[in-house]
Each structure stands twice: as C-alpha cells, then as structure tokens.
Amino acid sequence: MKNIIKKLLKEAVKKTYPDQDFSSLLEIQNVTAKNIQADYFTNISMKLAKILKTNPIEIADKIIGNMNNIDDIKFNIVKPGYINFSVGDGKKNNIISIINKSENLLSDCKTADPKKINIEFISANPTGPLHVGHGRGAIYGNIISKFLKIQGHHTVKEYYVNDYGNQIKKLIESILSKIDDNYIKIKEDDLYQGDYIETVAKTIEEEIKKKDIKDFNAQRSIILDEMFKIINVPINNLNIIFDKWFYESSLFDENLVEKVIKKLEATEHTFRDDGALMLKADEPRVLIKSNGDYTYFATDLAYHDLKMKDYDRIIDVWGADHHGYVPRIKAGLRALGHNIDKLDVHLIQFANLFRDGKKVSMSTRKGDFVELENLRNEIGNDAINFFYLTKNKDQHLDFDLSIAISQNKNNPVYYIQYAYARIEKILNEVKDYHKEEYDLSSLDNIYEKEIITTLSNFHETIKKSIIGLQPHLVTNYLLKLSQDFHSYYANVKILNKDINYSQVHLIAAVQKVIKCGLDLINIDTPKEM
RNA sequence: GCGUCUGUAGCUCAGUUGGAUAGAGCAUUAGCUUCCGAAGCUAAAGGUCAGAAGUUCGAAUCUUCUCAGGCGCUCCA
C-alpha cells in the first residue's frame with residue numbers, strides 16, 4: 001500500500017518539477033498520532049520548501065494538482081504542509097487476504113546480493129560451564145545468523161575455542177591436582193574452583209591413571225573433551241548448532257601465528273621495545289612478549305586474518321566488556337592490508353538477573369555463578385529466547401526470573417502464546433471456513449480496524465528487523481498484535497449463530513503472523529495451554 | 001583521566017533515515033464472568049524525554065558542553 005502511494009506521489013512530483021530529480025527525498029510514513037484522520041503522510045513539500053525557497057503549502061497544492069486519482073485513496077493538505085493520504089477500508093482490509101494467501105511472509109527480506117558471512121559467538125573459554133552472562137550473546141548470535149540466512153546469505157556459525165595459553169594450562173593443573181596431590185605447580189589461588197572441576201577429575205581419573213598419560217597434549221585433549229561435554233549441554237538444549245569449531249591451537253600447528261606476525265614485522269607498523277614486538281595500534285600493543293611468547297592479541301590477529309580471507313563479511317559477537325579491544329584488532333587487520341569494513345563487531349551489553357527484585361550474583365569466582373543450563377531449566381527455552389531478545393543489544397538488560405516463570409499477562413511470552421492458542425480454538429470450531437463466502441469490507445469496528453492497521457505494518461516491521469538485525473522489533477510487534485487480538489476477543493464474539501467469515505479470516509491472519517514471528521525467534525506455538 | 005554504552009511515567013522498556021497532542025507492560029485506583037479459555041478485557045491516573053545551549057518550518061531523535069550510572073583501559077585471555 002505504501003508503495004502504491006509512493007509511486008503516486010513520485011509521478012506527481014515529477015510532473016510538477018520535470019527538470020529536477022527529487023525522488024531520493026520522497027518518503028511515505030505511517031500516521032501514528034491518534035487525532036489525525038489519515039493513514040499515511042509525506043513531508044515532501046516541507047523538504048522542497050527548503051530547496052526551492054517557497055511556501056510548503058503552495059508546493060503541496062501544485063503536487064496535489066498533478067496527482068492521479070486512484071480508487072479509495074484520498075489526499076489532502078494540512079497546515080505546515082503535510083500531504084495526508086487516507087485509504088478506504090475495502091483496500092486496507094486486503095492485507096488479510098494478502099497474508100493468508102502468502103506462501104512465505106518473509107520473502108521480501110531476500111537480498112539480491114548473497115554474501116558468505118561468518119558469525120562467531122559465545123567462544124567462551126573452555127575452563128568452566130557457560131553461565132548466564134554468556135546467554136545473551138548466545139541467543140543473539142544464533143538469531144542474527146538466522147536472520148542473515150533468511151536474507152539469503154551463506155552463513156557459518158563458529159565457536160572459537162581457546163585451547164592454548166595460560167588459562168587452559170591452569171585448568172589442566174586444577175583438574176590434575178585433584179587426581180594427584182603432588183601435581184600442583186602453581187599457586188593454589190590460581191586454581192579454578194567449582195564442582196565441575198571435581199566432576200571432570202573423577203570422570204577422567206581412571207583413564208589418565210590406567211594409560212599413565214603424561215603427555216601434555218594428550219591430557220589437554222582428554223580434558224577438553226570433558227569440558228565440551230559440559231559446555232554443550234545448554235548449547236544443544238537451546239538448539240544452537242555451530243557449523244564450525246575453530247581451535248586456537250590449530251593456528252600453531254600450522255605456524256600461522258608466526259607467518260602473520262612475520263608479515264606484520266615486515267611492514268612499518270611494528271617496532272621493537274625492550275625485547276618485545278609492538279604494533280602501532282590505537283596505542284602500542286604487544287604482539288610478542290619479551291620472553292618470546294605470543295600474546296592473545298597476536299593469535300587473534302592470525303585467526304581474524306584467516307576469516308578475512310575466507311569470507312565476504314565477518315561478525316564477532318562480543319560482550320561489551322571487550323569493547324576496548326575493537327580498535328586494536330581493527331588496527332592490526334588494517335596493517336595486514338585487510339578491508340576492515342568487512343568486520344562487524346557486535347557488542348552486547350550486560351544482562352542483570354533478578355529474582356523477586358533481588359539481584360542474582362554472577363561473579364565467576366569459586367563457582368559462585370548461575371549456570372546457563374540452570375537458568376534454562378528454570379524458565380525454559382521460550383522465555384530465555386524471548387527475554388534475551390526483547391531489548392536492543394545496546395541496552396543494559398534487567399531480567400526478573402519471577403516474571404519469566406509467571407503464567408499471566410506479566411509474562412509476554414505467555415500473553416502471545418495465549419493469543420495463538422485462543423485463535424486455534426476458534427478455528428477448530430469453525431473448521432472449513434475457507435469454503436465459505438466472506439466480504440472483508442464488513443470489518444469495520446474499532447477493534448478490527450486496529451488489528452488491520454497492525455497487520456499492515458507487519459511486512460515493514462519484519463523487514464526492518466531482519467535486515468537491520470534487530471530482533472527486539474519482532475518481540476515488540478508480536479506483543480502489540482497480541483494485545484490487539486485479546487482486546488478484540490474480549491469485545492467481539494466470533495462464534496455466533498451466523499458466523500461472519502471475514503472475521504474468521506481476520507483472526508487466521510493474526511495467527512499466521514504470530515506463528516511466523518514466534519518461529520522466527522525460536523519460540524513454540526502451543527495449540528493449547 | 002581516556003574510551004565506550006546508557007539516561008524517556010514509581011519500575012522495566014518501545015519510539016520507524018528529524019514530523020503533527022511522546023507510547024506500551026508492570027505497579028496503583030475504579031470497574032467487567034448467564035456469552036468462543038478471566039492465563040483475559042475496560043477505564044482513570046501517571047512526563048521539564050537527565051540538564052543547558054545550538055542547528056530549522058519542526059528535536060526524545062542531529063551537534064557541543066555539563067551531570068549521573070554500567071563496562072573497559074595488563075608484556076591477562
């Protein structure tokens with residue numbers, strides 16, 4: 001509908017000003033103010049007033065004079081210079097059949113230019129189970145991968161495994177010291193604590209002792225296997241499937257770190273300082289320590305160097321606490337000659353967990369944290385997905401568990417699913433409504449009009465959400481639509497003696513859109529609750 | 001101190017590339033069950049969009065400054 005009006009306007013503007021091209025300024029917007037009796041408006045005459053230095057009302061007058069008449073679309077000029085458009089109910093209500101007949105409601109999100117895109121997320125150190133702090137990035141990374149895929153891009157979801165360096169050494173010592181008291185080589189304070197350390201130790205004890213495994217790499221491999229059994233529990237249960245697990249250690253197996261650093265050293269971007277090799281980044285950053293070890297930064301550059309070569313676009317989903325690292329990695333990649341526009345770092349702000357208004361501690365010390373799997377068990381997949389996605393990623397998120405498990409209107413997940421289930425019940429009652437005659441123009445009460453307006457916004461909203469990678473727009477939209485429906489349901493009875501089948505088609509469209517939206521964000525649509 | 005995210009109703013948050021009288025939910029108050037599921041609905045009340053200045057026909061939105069909060073500023077990963 002918007003496109004039809006835009007075309008109408010475009011032609012009129014061109015007729016009015018044949019010598020100039022103003023098409024980039026044209027914009028049709030929805031009327032949101034409740035006091036205005038119109039559906040769409042344009043501010044083109046105000047924009048042109050600035051350029052042409054004439055009165056906007058005069059401009060609007062001229063444009064309207066050149067506007068073709070289309071059935072059911074009315075237009076008029078309002079004070080500062082808006083041109084308002086009103087669409088007749090008959091035409092507006094068509095959205096119901098458009099939705100009901102559509103085979104794929106997301107088809108207009110397809111890109112004309114598919115890219116090969118790598119999305120790396122979670123990538124938590126394999127030194128303990130995933131905790132709730134990892135949850136938001138996990139859900140977000142998973143969903144934007146899905147959005148990119150819907151756009152038609154070829155996506156690869158990747159988990160970067162830090163299986164090299166000090167953290168993993170500490171982990172191995174922490175576990176082996178549980179098996180052999182004499183093993184401890186580092187300070188006890190540095191050891192990892194937590195029940196999982198004991199559990200893993202017990203699990204592998206027999207194997208280590210039986211085969212008398214002393215080789216570090218062999219120990220590492222056994223322990224990593226066990227750690228990933230733990231880490232994968234919530235990942236699998238949340239139906240997150242990684243296409244690729246990339247091991248940091250593989251960079252060393254193939255001397256890739258050395259190669260990349262040599263390449264950097266040959267440029268003018270590095271210098272020696274006190275035995276260390278530094279990169280001129282946002283400020284001098286260490287690549288090789290004075291003891292000869294590579295820093296995490298150096299290996300990470302080698303890793304990103306690979307990804308830059310293999311993909312058209314790479315996305316890193318990081319916690320916002322790593323934001324200071326972004327300029328560094330970009331500077332490094334630039335020095336290696338890469339086009340850093342290909343790299344998008346999505347920073348996810350922290351989520352705070354509350355239980356009955358009290359903040360739940362998330363510190364990782366001494367196993368004093370809430371495991372993601374515990375949270376998942378408590379509130380379920382649907383609530384986890386919804387609550388982590390319902391806010392803009394740049395927004396700090398406060399998340400109260402008592403709401404997530406409540407079964408009433410407070411809980412938006414239930415509210416939306418309940419709307420779906422209510423519609424399901426009615427549709428089951430009327431059965432073969434497709435065969436019945438119906439006239440959409442009979443839908444004209446305020447509740448029906450409100451739903452139809454919301455439905456009309458569906459395509460635009462979902463497109464913005466999927467293309468702009470903004471999942472929270474979907475959750476907000478679904479809430480609004482559910483609200484419209486519940487209000488309708490309470491005020492208008494559908495299962496009367498004489499059923500108005502256009503009403504049935506209306507709620508069928510609502511249900512189809514709700515299902516599409518919930519499917520999109522990985523939430524179930526139960527037929528009864 | 002530097003960087004970065006944020007500041008909208010008592011609370012949690014929306015707010016469409018700058019548009020008309022800023023919106024929801026929760027909480028509060030007052031109502032609604034002979035009727036498709038009350039897991040719901042209707043209404044009332046609630047605002048200096050942190051503050052100031054600027055840009056212009058027009059600012060919650062853009063610019064600058066100030067204030068407040070989160071996070072980060074290791075030869076850690």
Side-chain angles (χ1 to χ4, degrees), chain A residues 27 29-36 38 41-43 45-47 49-50 55-56 78-82 84 125 127 162 164-168 170 248 273-278 282-297 299-300 319-327 347-350 352 354 357 390-400 403 406-412 414-415 417-419 421-430 457 460-461 464 468 470 472-473 475-477 479-480 483 485-496 499 507 528-529:
Chain A
E27 190 181 5
Q29 298 182 50
N30 296 348
V31 170
T32 47
K34 283 172 184 160
N35 58 318
I36 288 151
F41 73 92
T42 180
N43 54 11
S45 38
M46 266 98 85
K47 285 184 177 172
K50 200 174 282 186
N55 185 318
V78 190
K79 244 193 289 170
Y82 298 108
N84 286 352
N125 281 343
T127 51
N162 299 106
Y164 193 91
N166 287 328
Q167 302 296 325
I168 205 79
K170 274 195 219 168
E248 183 185 8
D273 179 31
D274 214 10
L277 182 70
M278 314 289 286
D282 48 328
E283 49 184 278
R285 302 290 183 183
V286 182
L287 291 167
I288 303 178
K289 304 179 198 173
S290 27
N291 69 5
D293 287 350
Y294 290 110
T295 57
Y296 174 84
F297 177 43
T299 62
D300 206 25
D321 51 335
H322 287 85
H323 75 264
Y325 191 73
V326 178
L347 297 169
I348 312 296
Q349 293 295 327
F350 273 3
N352 289 315
F354 292 79
T390 192
K391 307 279 149 53
N392 189 320
K393 73 173 173 20
D394 293 330
Q395 191 63 255
H396 300 234
L397 170 61
D398 287 342
F399 181 134
D400 197 315
I403 290 175
S406 65
Q407 303 203 352
N408 55 39
K409 206 187 166 189
N410 296 8
N411 184 345
Y414 272 82
Y415 189 74
Q417 289 177 328
Y418 184 40
R422 275 180 152 178
I423 296 173
E424 182 68 22
K425 184 85 178 280
I426 297 175
L427 294 184
N428 280 337
E429 293 289 324
V430 289
N457 293 335
E460 191 183 345
T461 307
K464 200 179 165 203
Q470 299 190 86
H472 73 281
L473 298 181
T475 58
N476 288 328
Y477 178 84
L479 267 182
K480 165 74 175 123
Q483 203 177 316
F485 169 74
H486 283 304
S487 178
Y488 182 45
Y489 181 93
N491 287 286
V492 178
K493 192 174 177 198
I494 294 172
L495 293 178
N496 301 302
I499 291 177
I507 63 167
E528 53 185 62
M529 300 175 68

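In the text below, chain A, chain B and the rest are named by the order of the sequence lines, each starting its count at 1.
The nearest whole Å value for the distance from the CD atom in A:Q395 to the C1' atom in B:A14 is 10 Å. With rounding to whole Å, A:I499 atom CD1 is found 14 Å from B:C36 atom P. When rounded to the nearest whole Å, the span between NZ of A:K391 and P of B:U12 equals 10 Å. Taking atom CG of A:N457 as the reference point, atom C1' of B:G23 lies 14 Å away to the nearest angstrom. The CG-P distance, from A:D400 to B:G25, rounds to 19 Å in whole Å. A:L479 places its CG atom 12 Å from the P atom of B:A14, with the value rounded to the nearest Å. Distance A:Y489 OH to B:C35 P: 12 Å, rounded to the nearest Å. Taking atom CD1 of A:I36 as the reference point, atom P of B:U21 lies 7 Å away to the nearest angstrom.
Nearest to the side-chain atoms of A:Y418 among the listed nucleotides B:A38, B:U16, B:A14 stands B:A38. Checking B:G15, B:C5, B:C57 against every side-chain atom of A:H472, the shortest atom distance belongs to B:G15. In the set B:C36, B:G15, B:G70, the nucleotide with an atom closest to the side chain of A:H396 is B:G70. For A:Q483, the side-chain atoms get nearest to B:G25 when compared with the rest of B:G19, B:G25, B:U17. When distances are taken from the side chain of A:N476 to each of B:U42, B:A14, B:A24, the shortest belongs to B:A14. Considering only the side chain of A:D394, B:C5 comes nearest among B:C36, B:C5, B:A20.
Between A:E283 and A:R285 a salt bridge is recorded (basic side-chain N to carboxylate O distance below 4.0 Å).
Paired runs in RNA chain B that reach 3 or more consecutive Watson-Crick or G-U pairs, where each pair keeps both distances under 3.5 Å, cover B:1-7 with B:67-73, B:10-13 with B:23-26, B:28-32 with B:40-44, B:50-54 with B:62-66.
Under the 3.5 Å distance criterion, the side-chain polar atoms of A:T390 are left unmatched by any main-chain donor or acceptor of A:T475. A donor-acceptor pair under 3.5 Å links the side-chain atoms of A:N476 to the main chain of A:H472, judged by distance alone.
The side-chain heavy atoms of A:P412 and A:L479, taken from C-beta on, include a pair separated by under 4.5 Å. A:Y489 is listed as a side-chain neighbour of A:I426, based on a closest heavy-atom distance under 4.5 Å. A:K425 has its side chain out of reach of A:E528: every pair of non-hydrogen atoms, C-beta onward, lies at least 4.5 Å apart. Using a 4.5 Å heavy-atom cutoff, the side chains of A:D300 and A:Y325 are in contact. Contact annotation: the side chain of A:I494 never approaches that of A:E429 to less than 4.5 Å [non-hydrogen atoms, C-beta and beyond]. Between A:K391 and A:Q349, the closest side-chain pair of non-hydrogen atoms is not below 4.5 Å.
Contacts of A:N55 with the nucleic acid, taken as non-hydrogen atoms under 4.0 Å apart, are absent. Within 4.0 Å of A:L347, counting heavy atoms only, lies no atom of the nucleic acid at all. Among the heavy atoms of the strands lying under 4.0 Å from A:K493 is at least one base atom, whether or not backbone atoms are also near. Residue A:T390 is out of contact with every strand shown, counting any heavy-atom pair closer than 4.0 Å. Counting any heavy atom pair closer than 4.0 Å across all strands shown, A:N162 reaches no nucleic acid atom. Among the atoms of the strands shown, base atoms are found under 4.0 Å from some heavy atom of A:F41.
Annotation: B:C49 and B:G15 have their C1' atoms spaced 11 Å apart (nearest Å). Annotation: B:U66 and B:A59 have their P atoms spaced 24 Å apart (nearest Å). Of the C1' atoms belonging to B:G40 and B:C35, the separation is 14 Å, rounded to the nearest Å.
Base orientation of B:U16: anti (glycosidic angle beyond 90° from 0).
Side-chain nitrogen and oxygen atoms of A:T32 include none within less than 4.0 Å of the OP1 or OP2 phosphate oxygen of B:U16.
A:T127 and A:Q167 form no side-chain donor-acceptor contact under 3.5 Å, judged by distance and modelled atom types alone.
Below the 3.5 angstrom threshold, one finds a donor paired with an acceptor across the side chain of A:Y82 and the base of B:G19. Judged by distance alone, with hydrogens and angles left aside, A:N43 brings no side-chain donor or acceptor close enough to the base of B:A20 to form a pair under 3.5 Å.
Along RNA chain B, the nucleotide closest to A:A421 and the one closest to A:E460 are compared, and the more 5′ of them pairs with A:E460.
Residue A:Y164 places its OH atom among 12 or fewer non-hydrogen atoms of other residues, nucleotides or ligands, all under 6.0 Å distant.
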Hey, what are the protein-to-nucleotides 72-76 of chain B N/O distances that come in under 3.5 Å?
residue	atom	partner	partner atom	Å
B:C75	O2	A:S290	N	2.8
B:C75	O2	A:S290	OG	3.0
B:C75	N3	A:S290	OG	2.9
B:C76	OP2	A:K289	NZ	3.1

